[in-house]
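What follows is a set of notes on a single structure, which appears directly below.
Lettering of chains follows the sequences in order, A, B, ..., and the numbering in each one begins at 1.
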There are 2 protein chains.
Amino acid sequence: MTAAPSPRVTIKDVAARAGVSKGAVSLAFNHKPGLSEATRDRIFAAAQELGWEPNLTARSLSSSRVDVVGLAICRPARMLGLEPFYMEFVSGVESVLTEHSCSLLLRLVRHVGEEVALQESWWRGRQIGGSILVDFRADDPRVAAAERLGMPVVAVGHPSLTGSLTSVWTDDATAVTEAVRYLAALGHRRIARVGGAAALGHTVIRTAAFDAAARSLGLAGARQVATDYSGEAGARATRSMLTAAPSDRPTAIVYDNDIMAVAGLGVAAEMGLGVPGDVSLLAWDDSQLCRLTHPTLSAMSHDVHGFGAEAARTLFGVIAGSGPGSHPVPTPVLTPRGSTAPPRS
Amino acid sequence: MTAAPSPRVTIKDVAARAGVSKGAVSLAFNHKPGLSEATRDRIFAAAQELGWEPNLTARSLSSSRVDVVGLAICRPARMLGLEPFYMEFVSGVESVLTEHSCSLLLRLVRHVGEEVALQESWWRGRQIGGSILVDFRADDPRVAAAERLGMPVVAVGHPSLTGSLTSVWTDDATAVTEAVRYLAALGHRRIARVGGAAALGHTVIRTAAFDAAARSLGLAGARQVATDYSGEAGARATRSMLTAAPSDRPTAIVYDNDIMAVAGLGVAAEMGLGVPGDVSLLAWDDSQLCRLTHPTLSAMSHDVHGFGAEAARTLFGVIAGSGPGSHPVPTPVLTPRGSTAPPRS
DNA sequence: AGCGCATACTCAACCGGTAAAGTCCGATTC
DNA sequence: GAATCGGACTTTACCGGTTGAGTATGCGCT
């Protein structure tokens, strides 16, 4: 990539124009003491006139600070596009990065192995100052990699999955339990759950919590299934559940994201089942999508934007040298809407 | 951001280990001629043993190549998350960037002014080798900015909007015309369109095309309205259209994205109107979402992933010095599904 | 033998900044 | 009046690569 921009303005030009040395310009632009107000002003004026901005590349080289953080997302593109979660998460991350004049290096990868290689390469090549790691799974190879590299990272996932890494996480277990209790309180006994990717740590956690909650409430008819988070998989799962004999058919279904819940709504309609009359549906994540359907979707709501922001804030902490820690963000809360109701007698 | 990584290994260490000079290592790693096979192998072996990867920062500094391209997206976060379009576009861009070991610097901005400043700062600070500009509007300030800076960019938008910049675009006018013709062919006379943001160039183009098509087909009942692309706005617009007196109510509605179409579907259901019996709905962009609803949504389908890929490919061309050009990508095609049918007599 | 000429490297300058040490100078201090 | 001091800059040495000029070696050719 060869760039042939307009005659490059460098710190030297600015220094010359202001009648000072490069060092002085550097001091001024980094807001460090040791310059008179007058000189400082002259320098800024000169920079302004020449349209100069410090070359970040050069700056990182000599100061070994990098104002870029990495984020690799590992899901098939088809699904990514659909899940409001990531974009919202990214936008939360951004909101914090921007305050620090920091940028986000984004990459979509196909599997964890690829991500490990990428993160290592980013870090080794000093492209990033740290990374946000998402979608943890059991025995995630990124834990060891980050430790080995001594790379500042924040792991978005339950502490039980992220080893010694600093983590930012939501209490999925409690949220699942609340969801099940709510449906049970409405009178549902046959509650089903359409989960996310089985390989992901939080799916495992939710699955266990669902089982535990069902057991403790004595719900014999509870069942769950894992999917790949896609709407199609959600539709398939729903269809398979709702085609069971009426006495066996779930009267309420919890979904692990909202796109699958929308798909579930579509399937119910296609089968001529009323929501929430014949079956109640409960979504997860609660993007705007849940308010657009008819009926509107009850959901476990989650401040995804804030989640991303907290992850970014925590990363800055790690980069600044704060020791490992665990940062829980608020547990998703139930937002009842039109898709849940007591089962028809 | 101060990083305290494990003892940094640099090109010097590798050179020492391989018993050659820094220059030799550089030659080897850039696959340039002038080294014997044997030396080359020794160098790679040494690098491998030390776990060295060239510091991209240093490399960009001396070679003035930057393996990063920028993308700023300007829409409120709430809407962004929802629109599958961008993530799919990004994934298309990525797929090409990856082949060139290039990364994507992503930023969400609030308005064009902010984007112009950002792009300028990125370019001046040599953070990026070029940029992909999206969401063009009439008299877009980015055109002048890019020219002034001599910055390699590819403009995603109709050539009429992108001035002298190299553009990548879809033929929205033709697509809109096709959509209207299709609905008219089904027998619809009162066709409405729920458009996107009025400030955006392609909205203007689609609006004009819709008008022209309606006129040429002699559809007196055609009407359209602009929104902000959000599902809520889509719902509002739909509600307002469908509450008109039956003799005035549109029998078919075209939406500018799929999220609004989903919202429209919800509104129709809420009002007790059958789709496609009472009203036909036609979405745009056609993400997976359109196949999940009931009825499924007919849509103008678009290979968004490919669109992004083409934009990235074109950007590499621009960076490599190819002159300005116009790169149309395939026109969206109609994919009829369950939400469109002839109007009820 | 002598010359030209690849080939295979080395060397040193340079990219555009930062940072630590050094210089200059006027104001205090004793 | 010499020594001290601190503020305001300047100098210089990097940061970790790339690059072009320079050098040593070997080989073919007359």
Interatomic distance, K12(B) NZ vs dC11(C) P [rounded to whole Å]: 13 Å
Side-chain N or O of K32(A) closer than 4.0 Å to phosphate OP1/OP2 of dT18(C): no
Distance in angstrom units between L27(B) CG and dT10(C) P, rounded: 10 Å
Distance below 4.0 Å between S26(B) side-chain N/O and dT18(D) OP1 or OP2: yes
Interatomic distance where CD belongs to Q127(A) and P belongs to dG16(D) [whole Å]: 16 Å
5'-most by nearest nucleotide on DNA chain C - L61(B) or A24(B): A24(B)
Nucleotide of dT18(D), dG17(C), dT11(D) approaching S21(A) most closely (side-chain heavy atoms): dT11(D)
Heavy-atom check, side chain of V329(A) versus side chain of D303(A), under 4.5 Å: no
Side-chain touch R59(B)/N30(B), heavy atoms, less than 4.5 angstrom: yes
Residue pair Q127(B) / S103(A), side-chain heavy-atom distance below 4.5 Å: yes
Sugar-phosphate, base or nothing in reach of V25(A), heavy atoms under 4.0 Å: nothing
Length of the line joining R126(A):CZ and dG16(D):P, which is rounded to integer Å: 9 Å
First encountered from the 5' end of DNA chain C, between R42(B) and S62(B): R42(B)
Length of the CZ-P vector between R65(B) and dG16(D), whole Å: 19 Å
Phosphate OP1/OP2 of dC9(C) contacted by T39(B) side-chain N/O (<4.0 Å): yes
Euclidean distance, atom CD1 of residue I43(A) to atom P of dT18(C) [Å, nearest integer]: 12 Å
Backbone N/O of A38(A) and side chain of D41(A): donor-acceptor pair under 3.5 Å: no
Nucleotide of dA8(C), dT18(D), dT18(C) approaching S36(B) most closely (side-chain heavy atoms): dA8(C)
Heavy-atom check, side chain of F136(B) versus side chain of W169(B), under 4.5 Å: no
Spacing between L35(B) atom CG and dT7(C) atom P, to the nearest angstrom: 13 Å
Any S63(B) side-chain nitrogen or oxygen under 4.0 Å from OP1 or OP2 of dT18(D): no
Distance below 4.0 Å between N55(A) side-chain N/O and dC15(C) OP1 or OP2: no
Whole-Å gap separating C1' (dT19(D)) and CD1 (I11(B)): 12 Å
